[in-house]
Amino acid sequence: MPELPEAERIRQTLRKRIVGLRVECVTVRRRDMVHGCTTRQAMLQCDCVENILRKGKQLAIVGSTGAAVRVQLGMTGRLFVCSGKDPAAHAKHAHVRWHLSAESNHRGVNTACSSAANGLILVFEDARRFGALHTHTSLCELRKRWRLLGPDALTIRTNALTANLSKTRRAIKTALLDQRVLAGVGNIYADESLFTARIAPRRRANSLSADELKRLAAAIRRTLRAAISAGGSSIRDYVDGQGTPGRYQRQHQVYNRGGRPCTCCGSLLSRALIDQRSTVWCDVCQHCR
DNA sequence: AACACCGCCTGAGCGC
DNA sequence: TGCGCTCAGGCGGTGT
């Protein structure tokens with residue numbers, strides 16, 4: 001379940017490895033995983049990787065021509081580089097592969113794939129297929145799409161959070177998961193942030209006091225930063241851009257800990273479904289009013 | 001307009 | 001050991 005910290009780790013690790021490399025050829029094994037135009041150009045073939053961007057949980061691979069492939073990782077999506085010999089490049093659910101090479105003077109003759117076999121491969125893998133790739137013809141188109149998302153959670157300010165939460169009476173837990181309200185928080189970091197901010201998940205979003213909103217914005221930033229530092233949370237599938245799992249799951253205070261003692265007060269953590277999402281919280285530490 | 005809810009999809013983990 | 005069941009949940013679409 002890659003959320004913002006996992007996406008950011010992927011961005012950081014991929015940036016070091018593949019920016020400046022040329023895409024020799026692209027293999028799309030499942031066309032239904034790609035939305036928008038699926039021409040070679042749209043998929044960045046014969047383009048150079050200019051940058052890796054992130055907004056919320058989403059990533060984008062940007063080519064030097066300005067074309068961009070937006071990546072939604074969904075539940076089980078992975079985006080990583082490996083050598084062509086690595087079995088991971090040929091895994092069952094490796095839906096799209098970009099064959100990369102350092103050569104910048106490539107011209108014409110289609111020796112691309114064979115010569116790239118010794119080079120790096122960028123792999124998009126997604127067992128459950130909740131993820132997707134979306135192609136955009138320009139950076140402008142990508143930005144237009146990203147404007148539909150709320151502010152990025154990593155740098156969320158109290159004012160912006162207040163503005164977006166005051167509009168809704170939904171449970172604060174539910175509102176935090178809405179990517180139009182705040183981009184980047186999923187089930188893990190919603191529970192962790194609410195615990196840190198000592199706010200009960202069923203509180204109506206528009207009922208939070210100024211002090212609570214300030215605590216929440218700070219808790220979100222702090223939680224996400226700590227998770228990034230620890231390499232993200234690997235519950236089951238997540239690995240970063242070089243295939244390394246994260247360690248932040250060891251620091252989870254509430255997520256997946258229902259019925260176990262609160263790390264703060266020792267009372268047993270509650271668990272319930274809120275808006276169809278498993279939610280864990282401490283009845284003692286997290287205030288209902 | 002705001003919100004609730006559904007369905008997509010696979011594999012881990014469990015009980016028997 | 002192996003089968004069948006449940007659960008995990010991001011997100012777009014649809015219904016209320």
Side-chain angles (χ1 to χ4, degrees), chain A residues 1-10 29-36 54-60 70-79 88 91-96 123-136 142 144-150 152-153 163-194 201-207 220 224 227 232-239 245-246 248-249 252 254-260 269 271-281:
Chain A
M1 36 216 82
E3 302 179 25
L4 186 150
E6 292 75 30
E8 175 61 17
R9 286 301 291 206
I10 293 172
R29 295 170 76 196
R30 279 198 75 115
R31 183 132 298 199
D32 61 352
M33 295 300 289
V34 186
H35 300 263
R54 180 193 61 75
K55 169 112 190 214
K57 309 172 189 177
Q58 301 188 13
L59 291 163
R70 181 163 56 93
V71 183
Q72 284 189 297
L73 295 161
M75 277 286 290
T76 51
R78 290 172 161 182
L79 190 65
K92 186 176 170 189
H93 301 294
H95 304 309
V96 178
V123 180
F124 173 63
E125 181 189 359
D126 185 7
R128 212 169 292 178
R129 306 210 299 273
F130 277 22
L133 301 180
H134 303 259
T135 57
H136 297 278
L142 172 68
K144 196 191 284 181
R145 186 61 184 72
W146 273 355
R147 261 181 246 130
L148 300 176
L149 298 173
D152 193 78
N164 288 359
L165 291 180
S166 64
K167 289 185 258 183
T168 178
R169 287 166 49 82
R170 286 181 293 172
I172 181 63
K173 165 68 186 273
T174 307
L176 288 179
L177 295 179
D178 186 337
Q179 301 301 295
R180 293 164 303 181
V181 168
L182 183 68
V185 172
N187 208 34
I188 297 173
Y189 299 107
D191 280 11
E192 295 298 318
S193 298
L194 286 170
R202 283 199 234 264
R203 287 281 302 281
R204 288 187 187 278
N206 63 357
S207 79
I220 291 166
L224 297 177
S233 299
S234 288
I235 301 301
R236 187 171 302 161
D237 300 278
Y238 167 72
V239 292
Y248 192 69
Q249 66 279 5
H252 290 171
V254 284
Y255 179 82
N256 209 21
R257 294 195 66 247
R260 294 167 64 189
L269 295 173
R271 179 186 177 276
L273 285 182
I274 296 179
D275 195 40
Q276 320 282 71
R277 299 301 162 83
S278 174
T279 303
V280 181
W281 72 98

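Hydrogens, waters and symmetry mates are skipped; everything else that's a heavy atom, side chains included, is used. Below, chains carry the letters A, B, ... as their sequence lines are ordered, and counting in each starts from 1.
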Does the [X] side chain pair with the main chain of [Y], one donor and one acceptor, at a distance under 3.5 Å?
X        : Y        : value
A/Glu3   : A/Tyr189 : yes
A/Glu6   : A/Gly232 : no
A/Arg70  : A/Leu142 : no
A/Glu125 : A/Leu79  : no
A/Arg78  : A/Asp237 : yes
A/Gln72  : A/Leu59  : no
A/Ser166 : A/Ala163 : yes

Using atom [atom1] of [X] as one end and atom [atom2] of [N] as the other, report the distance to the nearest whole Å.
X        : N      : atom1 : atom2 : answer
A/His95  : B/dC9  : NE2   : P     : 11 Å
A/Met75  : B/dA12 : CE    : P     : 13 Å
A/Asp126 : C/dC11 : CG    : C1'   : 13 Å
A/Asp275 : B/dA2  : CG    : P     : 16 Å
A/Tyr255 : C/dA8  : OH    : P     : 8 Å
A/His134 : C/dC11 : NE2   : P     : 9 Å
A/Lys55  : C/dC11 : NZ    : P     : 13 Å
A/Leu165 : B/dC3  : CG    : P     : 11 Å

If only side-chain N and O atoms of [X] are considered, is one of them under 4.0 Å from the OP1 or OP2 phosphate oxygen of [N]?
X        : N      : answer
A/Gln72  : C/dG10 : no
A/Lys167 : B/dA1  : no
A/Arg128 : C/dA8  : no
A/His93  : B/dG11 : yes
A/Lys92  : B/dT10 : no
A/Arg277 : C/dA8  : no
A/Arg271 : C/dA8  : yes

- Test ring pair (Phe, Tyr, Trp, His ring centres under 6.0 Å) applied to A/His252 - qualifying residues, sequence neighbours left out: A/Tyr248, A/Tyr255

Kindly point out which of [options] is positioned nearest to the side chain of [X]?
X        : options               : value
A/Lys57  : C/dC11, C/dA8, B/dT10 : C/dC11
A/Glu3   : B/dT10, C/dG10, C/dA8 : C/dG10
A/Arg145 : C/dG12, B/dG11, B/dC9 : C/dG12

- Query: Closer to the 5' end of DNA chain B via nearest nucleotide, is it A/Gln276 or A/Arg170?
  - Reply: A/Arg170

- Charged N to carboxylate O under 4.0 angstrom, A/Arg170 versus A/Asp178? yes

- Query: Going by an N to O cut-off under 4.0 Å, is there a salt bridge joining A/Arg277 and A/Asp275?
  - Reply: no

- Query: Take atom CZ in A/Arg169; do more than 12 heavy atoms of anything else shown fall under 6.0 Å from it?
  - Reply: no

- Could you list by number each residue of residues 171-181 of chain A showing a heavy-atom separation from DNA chain C of less than 4.0 Å, or answer none if no residue does? A/Gln179

Looking for any heavy atom pair under 4.0 Å, which part of the strands does [X] touch: base, sugar-phosphate only, or nothing?
X        : result
A/Arg30  : nothing
A/Thr168 : sugar-phosphate
A/Arg204 : nothing

- Task: Compute the bend angle of the helix from B/dA2-C/dT16 to B/dC16-C/dG2 from the end axes (five pairs per end), rounded to 10°.
- Result: 40°

